Amino acid sequence: MIAGTNGREMTYGELARRALGLAQALVQDGFQRGEVAAICLPNGPQFPVCFLGITKAGGAATTLNPNFTAAEMAKQLADSGTVIAFTSDELKPKIASAGAATLRRIWTIEELDALPLGGPFASPAADADDVAALPYSSGTTGAPKGVMLTHRNLVAMQMQMEPVEATGPDDIVLAVLPFFHIYGLSVILLLALYRGATLVILPRFEMETFLGAIERYHVTRLPLVPPLILRLANEPRLEDFDLTSVRTIISGAAPLPDDVAARLSARLGGCLIKQGYGMTELSPGGHMHPEDGSVPRPGTVGVLHPNTECRIVDPVTGEDVAPGQTGEVWYRGPQVMKGYLGRPAETAAVITPDGWLRTGDIGRIDGDGQLCVVDRLKELIKYKGFQVAPAELEALLVTHPAVADAAVVAKPDVEAGEIPKAFVVLKPGATATADELLAYVAAQVAGYKKVREIEFVEAVPRSPSGKILRRLLIEQERTRSRDGT
């Protein structure tokens with residue numbers, strides 16, 4: 001592993017010894033099998049040291065976005081029952097405030113680096129069905145929930161990518177997507193370690209640093225998300241750097257427009273740009289374009305991972321649709337999560353009694369076996385690949401003294417994919433500007449969750465039971481987008 005900002009290197013041997021050293025220190029400190037430790041760090045070599053050390057000690061790692069507010073961190077720390085946290089000196093005060101009720105200890109990077117290297121020791125036995133990772137996801141709707149991913153889930157996912165993901169020991173992979181997200185954790189970090197690739201790690205995306213790292217380290221593979229691919233496709237400085245080493249770009253977390261992929265591929269000498277599809281609850285993969293010399297067919301996200309079943313189901317009748325017809329995408333396989341932490345009802349809503357995971361996405365399987373994702377049932381907004389739950393923003397908006405009701409939906413956006421737009425009903429006689437409400441929400445959430453646009457309305461459309469009819473608002477936004485209004 002190479003820290004792309006300062007060139008610091010860590011071999012796999014050193015990584016193993018540092019992770020073992022941390023595991024030993026955790027056990028000696030009283031950390032018990034099944035307990036939860038949080039990692040709140042930007043990308044860097046210390047992240048895998050923490051993750052592997054926690055799991056080696058028999059615990060589960062919950063990953064926190066360093067950009068969260070203290071209130072957002074507090075919710076996740078409390079919900080997960082986190083007892084130990086790993087963070088930086090800069091973030092320690094915020095973590096300490098957020099975790100005051102549950103945390104026994106906070107470790108900083110400096111303390112981590114000072115630990116002695118470890119060796120073989122009698123670590124707590126971990127069962128294949130023990131939880132190893134506890135990322136938080138909004139699932140198909142609602143507030144973020146702890147997704148229980150077991151050792152078996154994560155190991156199975158690495159093996160299942162064998163026929164469709166060609167990362168190997170000769171590859172140099174640029175890791176700029178956050179490790180706290182399941183894409184960064186499983187498809188970038190763990191896959192590269194499993195395959196023996198070199199990881200060049202950047203803590204954040206900055207165009208010149210990013211392009212310079214590709215040139216300096218002769219990067220061969222770029223796992224990215226559509227907003228970054230769009231920025232690269234439009235970047236005027238692309239030709240100022242030697243990017244000829246790049247052979248493959250993998251896109252995930254949100255749909256990639258075909259024209260954007262074609263433009264960037266042409267600018268990079270025809271390199272392969274492929275897509276994968278999945279969700280946190282799938283560890284995270286279900287489909288991916290293979291690297292067998294064929295050209296990914298536009299509009300598709302590839303073929304089914306091995307040892308996985310997929311059904312296309314009529315969301316109304318629950319019956320399988322005819323071949324080539326659209327329906328909700330269901331999966332069953334060893335990568336399907338154990339469930340949502342402490343939420344049996346919500347787990348039962350997405351995992352059927354016979355083990356099928358309902359994705360909330362609408363798709364079809366074409367004659368060549370490739371999946372086309374065409375729409376989604378779920379209400380989740382994908383802003384630059386990050387999940388934004390409308391219910392969370394609506395709950396914040398209605399706490400403003402001037403707001404009577406609110407609904408938040410996804411508005412199509414060229415750069416971000418989707419942005420959160422709020423439809424707001426003011427209380428009789430109350431006044432508030434759009435800028436005031438935007439700032440009110442922004443002060444309480446991470447940057448990617450911010451409401452980006454507000455429209456004042458007389459009423460929010462609701463069903464007789466009171467459920468917000470977001471689909472009406474979403475269709476309205478799509479129509480406006482198509483009409484250019």
Side-chain angles (χ1 to χ4, degrees), residues 26 31-41 50-51 54-55 57-87 91-107 129-150 153-154 178-182 184-185 279-284 336-351 357 378-381 386-396 399 441 444-446 448-449:
L26 284 172
F31 188 67
Q32 300 291 313
R33 174 184 172 185
E35 287 192 309
V36 179
I39 306 173
C40 185
L41 290 169
C50 292
F51 182 79
I54 292 165
T55 54
T62 191
T63 50
L64 276 169
N65 184 340
N67 294 316
F68 272 177
T69 64
E72 290 170 317
M73 288 182 179
K75 288 180 182 178
Q76 184 169 330
L77 292 172
D79 187 76
S80 61
T82 295
V83 297
I84 300 287
F86 296 91
T87 191
L91 291 168
K92 185 176 180 179
K94 184 160 62 170
I95 288 282
S97 171
T102 62
L103 289 180
R104 296 198 301 259
R105 181 170 179 179
I106 299 174
W107 295 69
D129 291 326
D130 284 355
V131 177
L134 193 62
Y136 270 64
S137 166
S138 297
T140 57
T141 185
K145 300 172 281 292
V147 178
M148 295 187 290
L149 300 180
T150 66
N153 288 151
L154 295 176
F179 292 154
F180 64 74
H181 189 281
I182 190 61
L185 176 65
M279 57 197 303
T280 306
E281 291 82 348
L282 275 170
S283 306
V336 172
M337 68 169 180
K338 190 173 186 176
Y340 294 123
L341 179 68
R343 289 176 167 82
E346 290 174 271
T347 299
V350 298
I351 300 180
L357 177 72
K378 59 192 178 188
E379 300 166 347
L380 207 60
I381 300 167
F386 289 100
Q387 299 177 338
V388 180
E392 183 179 2
L393 298 178
E394 290 158 357
L396 276 177
T399 63
V441 174
Q444 303 181 69
V445 299
Y448 70 88
K449 293 184 185 178

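Since the structure is predicted, the reported quantities are computational estimates derived from the model, not experimental observations.
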Step by step, would you call C40 with F68 a side chain to side chain contact (heavy atoms under 4.5 Å, CB included)? CA-CA 10 Å; C40 185; F68 272 177; over 6 Å; no

A132 versus L154, closest heavy-atom pair with distance: CB-CD1, 4.0 Å

One should read off an interatomic distance between T69 OG1 and K94 NZ, to the nearest 0.5 angstrom, of 7.0 Å

Is atom NZ of K75 surrounded by more than 12 heavy atoms (other residues, nucleotides or ligands) closer than 6.0 Å? no

Side chains of L282 and V336: closer than 4.5 Å at any heavy-atom pair? yes

Below 4.5 Å, heavy atoms only, C-beta onward: do D130 and R33 meet side chain to side chain? yes

Return the set of residues passing ring pair (Phe, Tyr, Trp, His ring centres under 6.0 Å) with F386 (not counting sequence neighbours), or none when no residue passes. Y448

Given side chains that start at C-beta, do those of N65 and P178 come closer than 4.5 Å, heavy atoms only? no

Distance from I351 atom CD1 to K338 atom NZ, nearest 0.5 Å? 11.5 Å

Using 0.5 Å steps for rounding, measure from the OG1 atom of T87 to the CG atom of L41. 5.5 Å

Reported CE-to-CG distance for the pair M337 and L134, which is rounded to 0.5 angstrom: 11.0 Å

Considering non-hydrogen atoms only, spot the tightest contact between A70 and A98 and give its length. O-CB, 3.4 Å

List the steps and the verdict of side chain to side chain contact (heavy atoms under 4.5 Å, CB included) for T347 and M148. CA-CA 10 Å; T347 299; M148 295 187 290; 5.7 Å; no

Begin from the C-alpha positions of V350 and E281 and carry the test side chain to side chain contact (heavy atoms under 4.5 Å, CB included) through to its verdict. CA-CA 10 Å; V350 298; E281 291 82 348; 5.7 Å; no

Is there a donor-acceptor contact under 3.5 Å from the side chain of E72 to the main chain of A446? yes

Is the shortest heavy-atom distance from the side chain of E392 to the side chain of P144 under 4.5 Å? yes

Quick one, V131 and V36 - any side-chain contact, counting heavy atoms below 4.5 Å? no

Determine the minimum heavy-atom distance between A395 and T399, stating which atoms define it. O-CG2, 3.2 Å

Check the pair I95, F86 against side chain to side chain contact (heavy atoms under 4.5 Å, CB included), reporting the backbone distance first and the verdict last. CA-CA 9 Å; I95 288 282; F86 296 91; over 6 Å; no

Can you find a pair of side-chain heavy atoms, one from V147 and one from Y340, that are under 4.5 Å apart? yes

Between A57 and F31, which heavy-atom pair has the shortest distance, and what is it? CB-CD2, 4.0 Å

Roughly how far, to the nearest 0.5 Å, is the CD1 atom of I54 from the CD1 atom of I84? 9.0 Å

Backbone N/O of F180 and side chain of T63: donor-acceptor pair under 3.5 Å: yes

From CD1 (I106) to OG1 (T82), nearest 0.5 Å: 11.0 Å

For I182 and S283 the tightest heavy-atom approach is CG1-C, 4.1 Å

Could you tell me which residues satisfy ring pair (Phe, Tyr, Trp, His ring centres under 6.0 Å) with F51, sequence neighbours excluded, listed by chain and number? none

According to salt bridge (charged side-chain N to carboxylate O under 4.0 Å, His left out), who are the partners of R343, at least two apart in sequence or on a separate chain? D79, E346

